[in-house]
2 protein chains.
Amino acid sequence: MVKITDVARRAGVSPSTVSYALSGKRPISDETRRRVQAAVRELGYRTHVRTRSGDGAGSRVLALAVPMRSGVHVPVVTQFAVSVVTAARAHGHDVLLLTRGEGEEGIGRIAETGLADALVVMDVQLQDPRLALLRSSPLPSVLIGVPAEPDGLTCVDLDFGAAGELCVEHLARLGHRTVALVGSPPEVYVRRTAFARRLVRGFTTAADRHRLASAVYPCEAGRDAARSLAERLLREQPALTGVVVHNEPLLDPLIDAFEELGLRIPEDLSLTAVCPAPVAASARVPLTSVTVPAAELGTRAVHLLVRKLSGAPVPGVTLLPPRLTERASTGPRPV
Amino acid sequence: MVKITDVARRAGVSPSTVSYALSGKRPISDETRRRVQAAVRELGYRTHVRTRSGDGAGSRVLALAVPMRSGVHVPVVTQFAVSVVTAARAHGHDVLLLTRGEGEEGIGRIAETGLADALVVMDVQLQDPRLALLRSSPLPSVLIGVPAEPDGLTCVDLDFGAAGELCVEHLARLGHRTVALVGSPPEVYVRRTAFARRLVRGFTTAADRHRLASAVYPCEAGRDAARSLAERLLREQPALTGVVVHNEPLLDPLIDAFEELGLRIPEDLSLTAVCPAPVAASARVPLTSVTVPAAELGTRAVHLLVRKLSGAPVPGVTLLPPRLTERASTGPRPV
DNA sequence: GAGGTTCGTCGAAGCGCTTCGACGGGTGAA
DNA sequence: TTCACCCGTCGAAGCGCTTCGACGAACCTC
């Protein structure tokens, strides 16, 4: 291991000078700085973790808490994770992965152990048991998702309420009078997952405002679930012509199920999804959708965290406005 | 932060005694040890990273290198990652995520920086540029995947060669005479990804041994690719009745494509997949498959790494024997 | 019961780095 | 020309922990 004293010797200065030359915390002459940098390069010097979490710099590690609960769609979560890692690397940070069970224990461990110097929290619930810990901990954190009481926290998310409304408005504009929301699996709502709940609220609000008949159907993923849900929808909502789906793995199976039941999309039934753009674009029928900007959310979370680390003020809640992209799955209400 | 001196004061001993009581590196009287442990518990003491990577213990962090290249199937990779994290936690380790681009740079950084004290490497290519680094680095590592020259490395993987053979043998036993392998996207082979290449070799070897007509078709994921591949197969291999698919995201689209072209599965065409069990079981038609035991591989990799860290000898290459599970997608050759 | 072992504990040094306080030598002002 | 000041550098202390060497107190053995 090459240490700071090696660099110092090579550059012909003292270790402290090397430290200052590298951190810029005190003025160093150009000449000296150049020599130090050269020595660093030649020796391949890197500051060792054990010391860099000393007093000044942090450990340059972000922790990412991804609960991986049942009912979360893995590819979407992974997109978030990858974008967080990429953004973190761009800021010179590594990413420590915290998964299931670690919700609370893990956060405590990270905080006290100094392993990471900041935290990104995903899959936030409206009343999240982790919040108390986050509020009281000195560890800066950013949530992807907005809990019921976000005071004192920093959160980023798509404005899922507005997203729900946007879907309904799109359908209303096309003349649909009866709409349904096909949601995430029931356990997601039972856990009071923030974004899922907000979407439902937005959907219902907009439907009421436009005086549409509406209903909400949580649903498991999978072909069988899709088939029986489709049948149930037709039975319980005979006038149904517009459906909003907020359940990525269910999209294709549901399309299949509707078509097997003799409904053409969009001639007989309009479908709007809330999901990442690639998912919508590559579905069996390209889906009109409100994009969940997973990559952008991950990146933003990291940016906010880096700003927090540098002591800059950050907004409490950042909600990205939803954007609806029309594709082939929606059309006017059949006559 | 509660430090060792706090514990020492509380327990009425010196810091060094606390250290020894905790590490067991010197005999400590039961009485003293008990007092120390009580103090630790009451104060919630945890040894700080900055120091625990000192000389004795490692940093208790494993790095996981997941390249996330194009053509890798995200859910499968994620399954590996999650199982690695879970297993690592069970051994008291955290997991640092290294993704794209970091192949080499990242490994170097980890090694020199002391951030992690061991490394799990995924998506191994036959001639992997990272291997030199791994061989020369003092950082213990385990590869998930087996390169062309595994000497001096520790590797775990499914025996993909045997898996390819097993699929062919199953089809041969059912009487099929012409078989095709639908593989991963072309770039995966161009990169000389180890498992993909091995599967092809096993497939071809077994087909030759059984005197079956055989062909290999790399294929992109997606509906359009599936459709045109299906058409091309029927055109180029009119006698085709058995297909092995090694491309998770292509499974459902390919089933659809075949059926749209009027082929029933398994009456007209038998399909065998090589993929994780849940993927095979939840496909549109439950697929006869050789299971890729993602979770087990992740767990094994961590076990091996932990043993390496403790200085125990470990086997060089561990290949798990493939197991074929029959489901609804294979049947006797149509007459 | 004197000399030799353990055993259990402590103090101090050291890990690689940052940072505080100090100091020497220019430079500018008077 | 002198004094003040600031710039650039250095030495030393300190971070929280581990570990080496030492030391007193029991405990044996002949």
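As a basis for the values below, the full set of heavy atoms in this structure was taken, side chains included, without hydrogen atoms, waters or symmetry mates. In what follows, every chain begins at residue 1, and chains take the letters A, B, ... in the order their sequences are listed.
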Atom [atom1] of [X] to atom [atom2] of [N]: distance rounded to whole Å?
| X | N | atom1 | atom2 | answer |
| --- | --- | --- | --- | --- |
| Y20(B) | dT18(D) | OH | P | 10 Å |
| L43(A) | dG16(C) | CG | C1' | 15 Å |
| L22(B) | dG8(C) | CG | P | 17 Å |
| I4(A) | dA12(D) | CD1 | P | 17 Å |

(request) Before accepting this row, confirm whether a basic side-chain N of the pair R9(B)/D6(B) lies closer than 4.0 Å to the acidic partner's carboxylate O. (result)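 The answer is yes: the pair qualifies as a salt bridge.
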(message) Taking E296(A) first and then R300(A), would you say they form a salt bridge - that is, a charged N and a carboxylate O separated by under 4.0 Å?
(response)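 Salt bridge between E296(A) and R300(A), a charged N being under 4.0 Å from a carboxylate O: yes.
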(message) Please determine whether a side-chain nitrogen or oxygen atom of T17(B) lies at a distance below 4.0 Å from atom OP1 or OP2 of dC10(C).
(response)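 True: T17(B) side-chain N/O within range (under 4.0 Å) of dC10(C) OP1/OP2.
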(message) Is K25(A) close enough to dT19(C) that one of its side-chain N or O atoms is under 4.0 Å from OP1 or OP2 there?
(response)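 Answer yes for this pair, as a side-chain N or O of K25(A) is under 4.0 Å from OP1 or OP2.
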(message) Heavy atoms from C-beta onward define the side chain here; which of dC17(C), dG11(C), dT19(C) lies closest to that of K3(A)?
(response)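 Nearest listed nucleotide: dC17(C).
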(message) By nearest atom, which of the nucleotides dC17(C), dT18(D), dG11(D) is closest to the S19(B) side chain?
(response)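 Output: dT18(D).
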(message) Going by the rule side-chain hydrogen bond (donor to acceptor under 3.5 Å, both in side chains), which residues pair with T32(A) if we only count those two or more places apart in sequence or in a different chain?
(response) S29(A)
(message) Applying side-chain hydrogen bond (donor to acceptor under 3.5 Å, both in side chains), can you list everything that pairs with T17(A), at least two apart in sequence or on another chain?
(response)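 Counting only residues at least two positions away or on another chain, T17(A) forms a side-chain hydrogen bond (donor to acceptor under 3.5 Å, both in side chains) with S14(A).
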(message) Looking at F160(A), is its backbone amide N or carbonyl O close enough to the side chain of R198(A) to form a donor-acceptor pair, meaning the two atoms are under 3.5 Å apart?
(response) no
(message) Test side chain to side chain donor-acceptor pair (under 3.5 Å) on T78(A) and T78(B); report intermediate values, then the result.
(response) CA-CA 7 Å; T78(A) 310; T78(B) 309; 2.9 Å; yes
(message) Short of 4.0 Å, heavy atom to strand atom, which residues of residues 26-39 of chain A count as contacting DNA chain C?
(response)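 By residue number: R26(A).
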